Protein chains: 2
Amino acid sequence: MRLSSMADYAVVTMSAAARHCGGHRVSAQQLADETGLPAPTVQKLVSKLSAAGLLKAVRGAHGGLKLARPAAAITLADIVEAVEGPIALTPCSDHGRHDCTLESACTVRPHWPAVDAALRGALAGIPLTQLSRPAATAALGAEVMA
Amino acid sequence: MRLSSMADYAVVTMSAAARHCGGHRVSAQQLADETGLPAPTVQKLVSKLSAAGLLKAVRGAHGGLKLARPAAAITLADIVEAVEGPIALTPCSDHGRHDCTLESACTVRPHWPAVDAALRGALAGIPLTQLSRPAATAALGAEVMA
DNA sequence: AGATAACCGGAACGATTCGGTCTGATTTGC
DNA sequence: GCAAATCAGACCGAATCGTTCCGGTTATCT
């Protein structure tokens, strides 16, 4: 139930990138300085994030990163899926492989897709713009918990 | 974003135990046979589950396991928390330790508790009774996604 | 009372994944 | 044409996770 460190770092990195939304590009090194993360780690992250279409990378001298979409159109679910792949709590959900020993008799497997969808929905409700702001701990989650 | 195998097995085990709700106790070995899981693994799981108050264990000859509560009062969140501890996507959430390098300047950390609560809410909405039934893939999650 | 059956806790081993570092390929600017 | 700065992929060590084994405790049956 724990997010991988890479996904955690990706959220921090994207949040830092969103703060530079004002046009001019940012280098991966600069993002590393701002976030305090190791530079090679940030480089690895931006590779995955740009491959997923969340960041736009321009190479060469004076290159750098830029958000591919407005920050409001990028959610936590997008970032997590970009780094960790499809959101699925169990291996049963994402591919047809049932290595389960009881295959057909398993009564819980049919319910995992619904759980995954609920989880993904909770993450998709949090845009990047919200993570860049400094405060407001509440107001979210209450609606889902009820 | 993947559930640990132990938590996955715990759900299967609890679901199998729920099918024996009719009074008489079940041995851990019998649960292992029904689920196809290794017997030592099931034993380790029932230890944690009974310590968490989800299963009631009676020792001695003709002993066995029994649900400590009605199946309707046990949710996915209970089982996951019993095996994996508190539901928290990041280490920032559950204890005061901030090993983050930027501590005070981190703008995303205040938002993690809300995300955790939303996630836990999604899992708490699924009772054990629902997992024992054979079908009905949909009907859940739609409300949370909206 | 002895023996059996079942649960309980800790410790050690092996495998897999994760996180971090390094080197190479590509593009732009002068 | 050269050089600087960037992204992109491959390698490696380390930590965690999952599994198995062992001895101990408790209550029932003979």
Side-chain angles (χ1 to χ4, degrees), chain A residues 1-13 17 20 24-33 35-66 68 80 82-85 88-91 99-101, chain B residues 1-13 17 20 24-33 35-68 80 82-85 89-91 99-101:
Chain A
M1 211 63 262
R2 199 57 68 88
L3 216 55
S4 77
S5 297
M6 281 299 187
D8 186 3
Y9 298 161
V11 175
V12 177
T13 301
H20 291 273
H24 65 303
R25 298 182 246 277
V26 195
S27 74
Q29 178 64 49
Q30 187 172 349
L31 285 178
D33 293 341
T35 57
L37 299 174
T41 299
V42 175
Q43 271 196 355
K44 200 177 189 60
L45 281 174
V46 298
S47 297
K48 283 203 165 191
L49 290 171
S50 56
L54 298 181
L55 286 179
K56 200 69 181 173
V58 38
R59 307 169 75 148
H62 293 80
L65 289 317
K66 199 167 71 73
V80 172
V83 177
E84 298 197 340
L89 287 183
T90 69
D99 302 341
C100 302
T101 50
Chain B
M1 212 62 261
R2 197 62 66 89
L3 215 57
S4 76
S5 298
M6 281 300 187
D8 186 2
Y9 297 162
V11 175
V12 177
T13 301
H20 292 274
H24 64 303
R25 301 180 243 276
V26 195
S27 74
Q29 178 65 46
Q30 187 173 348
L31 285 178
D33 292 341
T35 58
L37 299 173
T41 299
V42 175
Q43 269 196 356
K44 205 174 188 56
L45 281 174
V46 297
S47 297
K48 282 203 167 193
L49 291 171
S50 56
L54 298 182
L55 286 179
K56 200 69 181 173
V58 36
R59 308 170 78 150
H62 292 80
L65 290 318
K66 200 168 69 75
L67 290 183
V80 172
V83 176
E84 298 196 340
L89 287 183
T90 70
D99 302 340
C100 300
T101 51

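Naming: A, B, ... by sequence-line order, numbering from 1 per chain. No experiment lies behind these values; they were computed from the predicted model shown.
Shown here for A/Ala10 and A/Leu45, the closest heavy-atom pair between the two residues is N-CD1, 3.8 Å. The two atoms that bring A/Pro91 and B/Asp8 nearest to each other are CD-OD2, 4.3 Å, heavy atoms only. Heavy-atom minimum distance, B/Gln43 versus B/Ala28: CG-CB, 4.1 Å.
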Subject >> nucleotides 12-19 of chain D: protein proximity per nucleotide (B base, S sugar-phosphate only, - neither; heavy atom, under 4.0 Å) >> reply: ------SB

**OP:** If a protein heavy atom is under 4.0 Å from the base, mark B; if only from the sugar-phosphate, S; if neither, -; do that for nucleotides 25-30 of chain D going 5' to 3'.
**Re:** BBBS--

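Considering A/Leu31, A/Leu49, A/Asp33 as possible partners of A/Val42, the one that fulfils the side chain to side chain contact (heavy atoms under 4.5 Å, CB included) test is A/Leu31.
When the P atom of D/dG24 is taken as reference, atom CD of B/Gln43 falls 16 Å away, rounded to whole Å. Separating the NZ atom of A/Lys66 from the C1' atom of D/dC7 is a distance of 17 Å, rounded to the nearest angstrom.
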**OP:** Kindly determine whether A/Met1 and A/Leu89 satisfy side chain to side chain contact (heavy atoms under 4.5 Å, CB included), including the steps that lead there.
**Re:** CA-CA 8 Å; A/Met1 211 63 262; A/Leu89 287 183; 3.9 Å; yes

Subject >> Pair B/His20-B/Leu67, side chain to side chain contact (heavy atoms under 4.5 Å, CB included): steps then yes or no >> reply: CA-CA 9 Å; B/His20 292 274; B/Leu67 290 183; over 6 Å; no

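Looking at residues 45-54 of chain B, you'll see that no heavy atom sits under 4.0 Å from any atom of DNA chain D.
We find the CE-OH distance between A/Met6 and A/Tyr9 to be 8.0 Å, quoted to the nearest 0.5 Å.
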What side-chain donor-acceptor pairs closer than 3.5 Å can you find for residues 50-65 of chain B, not counting sequence neighbours?
| unit_1 | atom_1 | unit_2 | atom_2 | d |
| --- | --- | --- | --- | --- |
| B/Ser50 | OG | B/Val46 | O | 2.8 |
| B/Ser50 | OG | B/Ser47 | O | 3.0 |

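The outermost nucleotides of DNA chain C lying under 4.0 Å from heavy atoms of chain B, listed 5' to 3', are C/dA5 to C/dA11.
The side chain to side chain donor-acceptor pair (under 3.5 Å) search around B/Glu84 returns B/Ser4, not counting sequence neighbours.
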